[in-house]
Asks: 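The structure follows.
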Amino acid sequence: MTAPKKVNKSDAEWRTLLTPMQYAVAREKATERAFTGEYWDHHEPGIYRCVACNTPLFASDTKFDSSCGWPSYFKALDPDNVREEQDTTHGMVRTEVLCNVCDAHLGHVFPDGPPPTGVRYCINSVSLKFEPFSPAEAAPR
């Protein structure tokens, strides 16, 4: 696959495009509190996109209830759209998940997810925006 085209904006541009909370999480790697985000208990069919650049990241059919308080997915919609990096902040070693298009902090990935992948993408709701499927897309096939 071809690497996605990068989106580069100045800090001032990001601040005008994002709410203060979106900016804190996506650009400064903050974390929203568990069980407070818009999508942790969201079940509508559709696509979850990057809040900063609109890149499609996760599909609703890969979302599952992990009881962690953040939206959880067992795979990315397109692996080229997410990037993983080691995160050693807060005295822990974790794997950070970033949007590979605009470098927005999304959350972390852990090796305790369900089959078929065994991974859990634990993502901040505020890093996402949801695009529901049209009625035709959501209809059973």
Side-chain angles (χ1 to χ4, degrees), residues 1 3-141:
M1 294 204 152
K5 184 170 172 40
K6 293 298 261 187
V7 170
N8 295 301
K9 297 189 182 300
S10 69
D11 187 60
E13 288 174 303
W14 286 125
R15 286 183 185 276
T16 63
L17 293 171
L18 302 171
T19 68
M21 183 63 177
Q22 289 169 337
Y23 181 86
V25 173
R27 307 314 308 169
E28 297 178 324
K29 303 182 185 220
T31 301
E32 66 191 2
R33 288 180 318 156
F35 304 102
T36 64
E38 182 177 2
Y39 302 124
W40 77 270
D41 193 28
H42 184 255
H43 304 287
E44 190 178 348
I47 300 294
Y48 295 87
R49 295 177 172 275
C50 177
V51 73
C53 70
N54 208 39
T55 297
L57 300 171
F58 301 98
S60 58
D61 64 355
T62 65
K63 190 173 188 291
F64 68 99
D65 181 9
S66 67
S67 300
C68 70
W70 290 277
S72 296
Y73 308 87
F74 61 79
K75 79 175 191 182
L77 189 61
D78 181 342
D80 286 338
N81 290 347
V82 296
R83 184 174 78 251
E84 298 177 10
E85 292 184 0
Q86 186 178 45
D87 175 4
T88 58
T89 59
H90 308 293
M92 298 179 271
V93 177
R94 301 176 290 173
T95 303
E96 179 184 10
V97 180
L98 301 118
C99 174
N100 201 33
V101 175
C102 71
D103 300 324
H105 170 75
L106 303 173
H108 293 86
V109 63
F110 301 96
D112 61 0
T117 63
V119 299
R120 171 175 55 100
Y121 287 94
C122 183
I123 307 298
N124 290 285
S125 287
V126 75
S127 293
L128 302 171
K129 60 182 168 183
F130 181 72
E131 179 182 297
F133 286 146
S134 70
E137 291 172 308
R141 301 181 207 271

Asks: Which heavy atom of T89 sits nearest to which heavy atom of R94, and what is that distance?
Replies: OG1-NH2, 3.5 Å
Asks: Please report the closest heavy-atom contact between A52 and L18, naming both atoms and the distance.
Replies: CA-CD2, 4.0 Å
Asks: Indicate the ring-plane relationship of H42 and F130, choosing parallel, tilted or perpendicular according to the 30° and 60° boundaries.
Replies: perpendicular
Asks: What closest approach, in Å, do L128 and Y39 show between heavy atoms, and which atom pair accounts for it?
Replies: O-CE1, 3.6 Å
Asks: Between W14 and Q22, is any pair of side-chain heavy atoms under 4.5 Å apart?
Replies: no
Asks: Can you measure from CD1 (I47) to CZ (F133) and round to the nearest 0.5 angstrom?
Replies: 4.0 Å
Asks: Give, for atom SG of C53 and atom NZ of K5, the distance between the pair rounded to the nearest 0.5 Å.
Replies: 12.5 Å
Asks: Find the distance between NZ (K29) and CG (D87) and round it off to the nearest 0.5 Å.
Replies: 7.0 Å
Asks: Just how far is it from atom CG of L57 to atom CG of L98, taken to the nearest 0.5 Å?
Replies: 11.0 Å
Asks: Name the orientation class of the two ring planes belonging to H108 and H105 (parallel below 30°, tilted from 30 to 60°, perpendicular beyond 60°).
Replies: perpendicular
Asks: Going by heavy atoms in the side chains, are V119 and Y73 under 4.5 Å from each other?
Replies: no
Asks: Does the side chain of C102 come within less than 4.5 Å of C50's, by heavy atoms?
Replies: yes
Asks: Would you give the length of the straight line joining atom CZ of F35 to atom OG of S125, rounded to the nearest 0.5 angstrom?
Replies: 11.5 Å
Asks: Is it true that a side-chain atom of N124 and a backbone atom of V126 form a donor plus acceptor pair closer than 3.5 Å?
Replies: no
Asks: About how many Å separate CG of L106 and CH2 of W70, when rounded to the nearest 0.5 Å?
Replies: 14.5 Å
Asks: Hey, could you give me each pair passing side chain to side chain donor-acceptor pair (under 3.5 Å) that has a residue in residues 49-65? Not counting sequence neighbours.
Replies: R49-E131, N54-K129
Asks: Should the heavy atoms of other residues, nucleotides or ligands under 6.0 Å from CD of E38 be counted, would the total exceed 12?
Replies: no
Asks: Which one of F64, Y121, F74, Y48 satisfies the ring-ring contact (aromatic ring centres under 6.0 Å, His included) criterion with F58?
Replies: Y121
Asks: Checking K75 side chain against R120 main chain: does a donor-acceptor pair fall under 3.5 Å?
Replies: no
Asks: For residues A34 and C68, report the shortest heavy-atom separation together with the two atoms involved.
Replies: CB-O, 3.8 Å
